[in-house]
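Working notes for the structure below.
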Amino acid sequence: MVEKQQMFDRYVVPEIPLLLRVARSLTDQPADAEDLVQDTLLRAYRGITGFDGFYPRAWLLRILHNTHVSRLRRRSPLLMFGPADRDEGMSDPAPHGTPESVVVDESFDDAVEQALGMLRQPNKKVIDLVDIEGLSYAEAAMALDVPIGTVVSRLHRARKQIREHLVDQGIGPHRHGR
């Protein structure tokens with residue numbers, strides 16, 4: 001434990017100001033930048049014993065980048081647009097305009113919470129692990145002790161139920177011809 005802390009102090013701590021500057025350039029809000037750096041520091045601390053000591057700045061910037069991408073993926077409206085829906089013709093996602101305006105709208109949060117509450121427990125658990133906690137399908141399968149195909153099918157069903165609920169609430173995307 002002492003060696004881990006010494007490595008962290010030696011390789012990571014001096015780079016924190018740089019990480020903050022880069023994070024500020026990647027995010028719109030100072031608070032988001034600080035959260036991004038915090039997540040990066042946690043990941044770096046967990047992985048410091050596997051770091052070879054060469055090019056700490058590059059190593060940390062890679063962690064920062066990967067953390068940022070992961071955070072963006074978690075924030076994207078996966079629940080509204082499944083993989084099959086992305087390329088199909090869709091009308092405007094909401095009467096309010098852009099997808100961003102839908103996500104910011106309080107009614108969207110309420111509708112998603114309501115939809116999550118309506119899911120069967122196995123499907124809700126998969127949504128929690130994959131879409132909220134950011135686990136991979138394989139990690140979720142291991143955590144639930146089920147085959148990966150079960151995770152995929154539960155996730156598909158849960159996302160579909162959530163999308164349908166959002167459409168019923170007048171929030172989700174509306175397909176042409178519906």
Side-chain angles (χ1 to χ4, degrees), residues 23 26-47 62-178:
L26 294 173
T27 62
D28 293 332
Q29 301 293 324
D32 289 340
E34 291 172 10
D35 289 345
L36 176 57
V37 171
Q38 179 72 27
D39 289 348
T40 301
L41 294 174
L42 287 170
R43 289 180 181 195
Y45 187 79
R46 282 188 218 127
R62 174 56 51 196
I63 294 171
L64 179 79
H65 170 77
N66 291 343
T67 303
H68 179 63
V69 169
S70 294
R71 290 166 59 96
L72 289 175
R73 282 186 187 136
R74 275 186 251 137
R75 288 183 180 173
S76 71
L78 284 175
L79 298 176
M80 289 178 60
F81 302 104
D85 297 327
R86 292 175 197 256
D87 295 326
E88 294 180 19
M90 306 280 277
S91 66
D92 286 337
H96 307 296
T98 67
E100 293 81 8
S101 65
V102 173
V103 174
V104 173
D105 190 359
E106 288 179 23
S107 63
F108 177 81
D109 291 338
D110 293 342
V112 170
E113 285 296 322
Q114 188 178 39
L116 287 171
M118 295 168 56
L119 294 175
R120 290 183 32 233
Q121 192 58 33
N123 294 351
K124 183 178 187 310
K125 191 64 178 167
V126 170
I127 287 284
D128 287 342
L129 292 174
V130 175
D131 288 339
I132 297 172
E133 296 297 327
L135 270 60
S136 69
Y137 291 1
E139 291 168 332
M142 286 191 329
L144 297 171
D145 196 27
V146 297
I148 195 166
T150 302
V151 168
V152 172
S153 63
R154 287 179 183 173
L155 194 57
H156 173 75
R157 279 193 300 273
R159 286 176 177 166
K160 182 179 178 188
Q161 288 174 316
I162 292 169
R163 284 191 305 272
E164 288 171 353
H165 179 77
L166 294 176
V167 168
D168 290 346
Q169 297 297 310
I171 297 172
H174 301 279
R175 293 181 191 273
H176 293 291
R178 241 188 175 181

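The analysis underlying the following values was restricted to heavy atoms, covering all of them including side chains, and did not include hydrogens, waters or symmetry mates. Only a predicted model underlies this, so the values are computations on that prediction, with no experimental measurement involved. Residue indices begin at 1 and follow the sequence shown.
Counting heavy atoms from C-beta outward, Arg43 and Leu64 have side chains that stay 4.5 Å or more apart. Here the side chains of Met118 and Ile162 are not in contact, with every heavy-atom distance at 4.5 Å or above. Arg157 has its side chain within reach of Arg154: a pair of non-hydrogen atoms, C-beta onward, lies under 4.5 Å apart.
Rounding to the nearest 0.5 Å places OG1 of Thr67 at 9.5 Å from CG of Leu41. Remark: Glu34 CD to Thr27 OG1 distance equals 9.0 Å, nearest 0.5 Å. Atom-to-atom distance recorded for Gln114:CD and His165:NE2 is 3.5 Å, nearest 0.5 angstrom. Within the model, atoms CD1 of Ile127 and CG of Leu119 stand 6.5 Å from one another, a figure rounded to the nearest 0.5 Å. Once rounded to the nearest 0.5 Å, the distance linking NZ of Lys160 with CG of Leu155 reads 14.0 Å. From Leu116, atom CG reaches atom CD of Gln161 across 10.5 Å, with rounding to the nearest 0.5 Å.
Residues meeting the side-chain hydrogen bond (donor to acceptor under 3.5 Å, both in side chains) test with Asp39, sequence neighbours left out: Arg71. Every residue two or more places apart in sequence or in another chain was checked for a salt bridge (charged side-chain N to carboxylate O under 4.0 Å, His left out) with Lys125, and none qualifies. When the side-chain contact (heavy atoms from CB on, under 4.5 Å) test is applied to Pro30, no partner is found at least two apart in sequence or on another chain.
Counting only distance, with no hydrogens or angles, the side chain of Ser70 and the backbone of Asn66 share a donor-acceptor pair below 3.5 Å.
The shortest non-hydrogen separation linking Val151 to Val126 is O-CG1, 3.7 Å. In terms of heavy atoms, Leu36 sits closest to Ala23 at CD2-CB, 3.9 Å.
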Derivation and outcome, side chain to side chain contact (heavy atoms under 4.5 Å, CB included), residues Asp131 and Arg159
CA-CA 10 Å; Asp131 288 339; Arg159 286 176 177 166; 2.6 Å; yes

